[in-house]
Amino acid sequence: MTDPRFDDVIHPSTRLTLVSTLAATDWAEFAFLRERLGMSDSALSKQLSTLEDAGYVLTERRPQGRRRTVRVQLTTQGRDAFTGHVAALRAIVDAAVPADDDQTRSAT
């Protein structure tokens, strides 16, 4: 079981969506991520740089014809940080949810 660890790097909603998308795949193309998150190239690049500086993602530039494509992968460190962050969020939510209906009725 993963220890809950809140992660300030992952927590902002854009990066959380980005990391959760990467957690569901091995590699993701930059263009796919840009469309999925509805971001500009520069905004996505900035978020990826933040995650790369933290050691959470790896980017790879590959030649494809005359252009280069960029693909992104969540590192083991990034996957561990994401799993810990999700566990911390679940702990917060679980603490706020009543254990049964009797508690809900007594609160109202």
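Along the sequence shown, the residues carry numbers beginning at 1.
Contact annotation: the side chain of D26 approaches that of Q73 to within less than 4.5 Å [non-hydrogen atoms, C-beta and beyond]. E60 is not listed as a side-chain neighbour of V70, based on a closest heavy-atom distance of 4.5 Å or more. Side-chain contact between T50 and Y56 is absent, with no heavy-atom pair separated by less than 4.5 Å. In this structure, W27 and L58 have side chains that are in contact, with non-hydrogen atoms separated by less than 4.5 Å. Contact of the T21 side chain with the R36 side chain is registered, since non-hydrogen atoms from C-beta on lie closer than 4.5 Å. No side-chain heavy atom of F82 sits less than 4.5 Å from a side-chain heavy atom of D7. Side-chain atoms of L44 and L48, non-hydrogen and from C-beta on, do get closer than 4.5 Å to each other. No side-chain heavy atom of H85 sits under 4.5 Å from any side-chain heavy atom of R5.
Of all heavy-atom pairs between F6 and A88, the closest is N-CB, 3.6 Å. Across L22 and A28, no two heavy atoms sit closer than the pair CD2-CB, 3.7 Å. Taking every heavy atom of both residues into account, S40 and A43 meet most closely at OG-N, 3.1 Å.
Q47 contributes no side-chain N or O that, together with a main-chain N or O of M39, makes up a donor-acceptor pair within less than 3.5 Å. Checked by atom type and distance alone, the side chain of R15 pairs as donor or acceptor with a backbone atom of V9 at under 3.5 Å.
From L74, atom CG reaches atom CG of D80 across 9.0 Å, with rounding to the nearest 0.5 Å. Note that CZ of R34 and OG of S45 are 9.5 Å apart. Values are rounded to the nearest 0.5 Å. The distance from atom CG of L16 to atom NE2 of H11, rounded to the nearest 0.5 Å, is 7.5 Å. L37 CG to S13 OG: the interatomic distance, rounded to the nearest 0.5 Å, is 9.0 Å. To the nearest 0.5 Å, the span separating CG on L51 from CD1 on I10 amounts to 7.0 Å. A distance of 14.0 Å separates CZ in F30 from CZ in R68, rounded to the nearest 0.5 Å.
With 3.5 Å as the limit, one finds no donor-acceptor pair spanning the side chains of T69 and R67.
Under a 4.0 Å N-O distance rule, the pair E29/R71 does not qualify as a salt bridge.
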